[in-house]
Chemist: 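Here it is, the structure, as structure tokens.
First listed ligand is number 1; within each ligand, the first listed atom is number 1.
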Amino acid sequence: MADIIVAIDGPAGSGKSSVSKAAARRLGFDYLDTGAAYRALAWFVLDRDIAPEDTETVLSSLGAFDYSISIDPSEPVVMVGETDVTDAIREPRVSAAVSAVARVPEVRSFVTSIFRSTMDAAPHDGIVVEGRDITTVVAPDAEARILLTADEEVRMARRSAELTSESAADVGEQLRSRDRADSRVVDFLTAADGVVTVDSTHLDFDQTVDAVLEVIARETTRTSHG
Ligand code: CDP
Ligand code: CDP
């Protein structure tokens with residue numbers, strides 16, 4: 001098991017995935033994207049023509065959900081059975097369906113146990129785990145716990161800059177409604193006790209990575225001294 005767990009939460013577009021990957025690479029740590037599991041389940045449900053809101057059928061399909069993810073920060077690959085869904089899980093139809101499956105408590109405990117097994121089996125000294133409830137539910141005892149935030153306008157602008165096929169207004173509205181739905185289930189907008197906030201509103205990408213690395217260095221020194 002990794003000696004050092006770094007837990008990072010935050011809303012869409014705060015920079016969680018890109019910053020966590022970069023920080024993991026710099027530290028020689030593994031990297032776990034927990035949102036990918038919820039997205040893969042939403043993809044799986046849609047692939048079986050199950051309505052994401054049909055909780056009973058979603059739950060009865062969990063036994064057949066054969067999920068795996070690589071934890072190499074340079075090459076995250078997401079598989080469902082024999083299908084590589086790395087790109088497919090980022091499609092707008094999956095983003096639109098994911099909150100409906102993620103709000104179900106039995107789904108959350110099912111994927112949380114997958115995350116804990118992955119963390120237990122991680123081969124390197126440390127692992128950076130990012131999502132919405134890592135600092136509070138998945139790894140509340142993590143050596144470093146960070147809430148990565150940014151003002152909503154900045155987050156929307158970052159996400160729409162990544163896409164060419166959708167209008168910025170559509171992307172903004174989709175993200176806002178996903179954040180609204182998600183925040184009814186998990187509070188990822190306020191830092192829990194002992195969680196350090198990094199606000200990336202006025203930081204560029206490299207500055208955000210440096211700020212996160214500084215917090216990791218400080219927190220891991222502090223926690224290792226009891
Ligand atoms: O990267 P982005 O902010 O677009 O989302 P993501 O991290 O890929 O997460 C996709 C969805 O999974 C979120 O909108 C939440 O519904 C769900 N999620 C969650 O409920 N808990 C987590 N720890 C991670 C993701
Ligand atoms: O995972 P999450 O939705 O929180 O965000 P992301 O996908 O890592 O970041 C969204 C976009 O913002 C990426 O293209 C990052 O490179 C960019 N970003 C930025 O421009 N400035 C920052 N300080 C942080 C991220």
Chemist: Show the nearest heavy-atom pair for residues I134 and A7, with the distance to one decimal.
Modeler: CG2-CB, 3.5 Å
Chemist: Mind listing the closest non-hydrogen atom pair of V94 and A42 along with its distance?
Modeler: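 Taking V94 first and A42 second, the nearest heavy atoms are CG1-CB, 4.1 Å.
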Chemist: Between the side chains of D33 and R39, is the shortest nitrogen-to-carboxylate-oxygen separation below 4.0 Å, so that they form an ion pair?
Modeler: no
Chemist: Which residue owns the protein heavy atom closest to atom 5 (O) of ligand 2, what's the atom, and how far is it?
Modeler: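 Residue, atom and distance for the closest contact: G15 N, 3.1 Å.
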Chemist: Heavy atom under 4.0 Å from ligand 2: found in L203's side chain, backbone, both, or neither?
Modeler: backbone
Chemist: Applying a heavy-atom cut-off of 4.0 Å, say which part of L148 lies close to ligand 2: side chain, backbone, both or neither.
Modeler: neither
Chemist: Please determine if R132 has a nitrogen or oxygen closer than 3.5 Å to a nitrogen or oxygen of ligand 1.
Modeler: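 Yes, there is a polar N/O contact under 3.5 Å.
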Chemist: For ligand 2, which atoms, with element, lie under 4.0 Å from some heavy atom of S18?
Modeler: 6 (P), 8 (O), 9 (O), 15 (C), 16 (O)
Chemist: If we only consider heavy atoms of V98, is any one of them less than 4.0 Å away from an atom in ligand 1?
Modeler: yes
Chemist: Count the heavy atoms of every other residue, nucleotide or ligand shown that sit under 6.0 Å from CG of D193, and state whether that count exceeds 12.
Modeler: no
Chemist: Examine the side chains of R158 and S18 and answer whether a donor and an acceptor come within less than 3.5 Å of each other.
Modeler: no
Chemist: Does I114 belong to the same Ile/Leu/Val/Met/Phe/Trp/Tyr cluster as V98, with side-chain heavy atoms less than 4.5 Å apart forming each link?
Modeler: yes
Chemist: R90 heavy atoms, cut-off 4.0 Å: which ligand 1 atoms fall inside?
Modeler: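 Close to R90: 8 (O).
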Chemist: Please report whether ligand 1 has a polar contact with D33, defined as an N or O pair separated by less than 3.5 Å (distance criterion only).
Modeler: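 Among all N and O atoms of D33, none is under 3.5 Å from an N or O of ligand 1.
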Chemist: Taking only heavy atoms of T208, which atoms of ligand 2 are found under 4.0 Å from at least one of them?
Modeler: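 Close to T208: 22 (C), 23 (N).
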Chemist: Without swapping roles, check the side chain of D151 against the backbone of T201 for a donor-acceptor pair under 3.5 Å.
Modeler: no
Chemist: Under 3.5 Å, side chain of R145 to main-chain N/O of A139, donor-acceptor pair present?
Modeler: no
Chemist: Tell me: protein heavy atom nearest atom 14 (O) of ligand 2, and distance?
Modeler: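 Answer for atom 14 (O) of ligand 2: E162 OE2, 2.7 Å.
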Chemist: Counting neighbours of CG on D120 that are heavy atoms of other residues, nucleotides or ligands and sit closer than 6.0 Å, is the number greater than 12?
Modeler: yes
Chemist: Please give me the minimum heavy-atom distance between A12 and R178, naming the atom from each residue.
Modeler: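 Looking at all heavy atoms of both residues, the closest pair is CB-NH2, 4.1 Å.
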Chemist: Provide, to 0.1 Å, the distance between atom 18 (N) of ligand 2 and the closest protein heavy atom, together with that atom's residue and name.
Modeler: R158 CD, 3.6 Å
Chemist: Can you pull out the closest protein heavy atom to atom 4 (O) of ligand 1? Residue, atom name and distance to 0.1 Å, please.
Modeler: R178 NH2, 2.7 Å
Chemist: Kindly say whether V128 contributes a backbone atom to a donor-acceptor pair with the side chain of S20 at under 3.5 angstrom?
Modeler: no
Chemist: In terms of hydrophobic clustering (I, L, V, M, F, W, Y; side-chain heavy atoms under 4.5 Å; direct or indirect links), are V19 and V6 co-clustered?
Modeler: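 In one cluster with V19: V6, yes.
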Chemist: Considering heavy atoms of the protein only, find what lies nearest to atom 12 (O) of ligand 1 and give residue, atom and distance to 0.1 Å.
Modeler: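 Ranking protein heavy atoms by distance from atom 12 (O) of ligand 1, first comes Y38 CB, 3.4 Å.
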Chemist: For atom CD of E153, decide whether the heavy atoms of other residues, nucleotides or ligands shown that lie under 6.0 angstrom number more than 12.
Modeler: no
Chemist: Suppose I only count heavy atoms of A12 and a 4.0 Å limit; which atoms of ligand 2 are within that range?
Modeler: 3 (O)
Chemist: In the protein, which heavy atom is nearest to atom 13 (C) of ligand 1, and how far is it?
Modeler: D182 OD2, 3.2 Å
Chemist: Distance under 4.0 Å to a non-hydrogen atom of P11: what atoms of ligand 2 satisfy this?
Modeler: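 The list of qualifying atoms is 4 (O).
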Chemist: Students should be able to answer this: which protein heavy-atom is nearest to atom 8 (O) of ligand 1, and at what distance?
Modeler: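 Here the nearest protein heavy atom works out to R39 NE, 2.7 Å.
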Chemist: I'd like to check which ligand 1 atoms, numbered from 1 as shown, lie under 4.0 Å from a non-hydrogen atom of G131.
Modeler: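 Ligand 1 atoms under the 4.0 Å threshold to G131: 23 (N), 24 (C).
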Chemist: Give the residue and atom name of whichever protein heavy atom lies nearest to atom 9 (O) of ligand 1, and the separation in Å to one decimal.
Modeler: G35 CA, 3.5 Å
Chemist: Would one find an N or O of K16, backbone or side chain, under 3.5 Å from an N or O of ligand 2?
Modeler: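 N/O-N/O distance below 3.5 Å exists for this pair.
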Chemist: I need the atoms of ligand 1 closer than 4.0 Å to a non-hydrogen atom of A102, numbered in the order shown.
Modeler: 16 (O), 17 (C), 20 (O)
Chemist: Report yes or no: does R108 have a heavy atom closer than 4.0 Å to ligand 1?
Modeler: yes
Chemist: Need the ligand 1 atom indices (1-based, order shown) with element for anything under 4.0 Å from a heavy-atom of T34.
Modeler: 22 (C), 23 (N), 24 (C)
Chemist: Less than 4.0 Å between a side-chain N and a carboxylate O, is that true for R180 and E173?
Modeler: yes
Chemist: Rounded to the nearest 0.5 Å, what's the gap from NZ on K16 to CG on L148? Could you check?
Modeler: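 Separation between the atoms: 7.5 Å.
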Chemist: Can you tell which part of R159 has a heavy atom less than 4.0 Å from ligand 2: side chain, backbone, both or neither?
Modeler: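 Side chain only.
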Chemist: What is the nearest protein non-hydrogen atom to atom 1 (O) of ligand 2, stated with its residue, atom name and distance?
Modeler: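 Checked against all protein heavy atoms, atom 1 (O) of ligand 2 sits closest to S17 OG, 2.4 Å.
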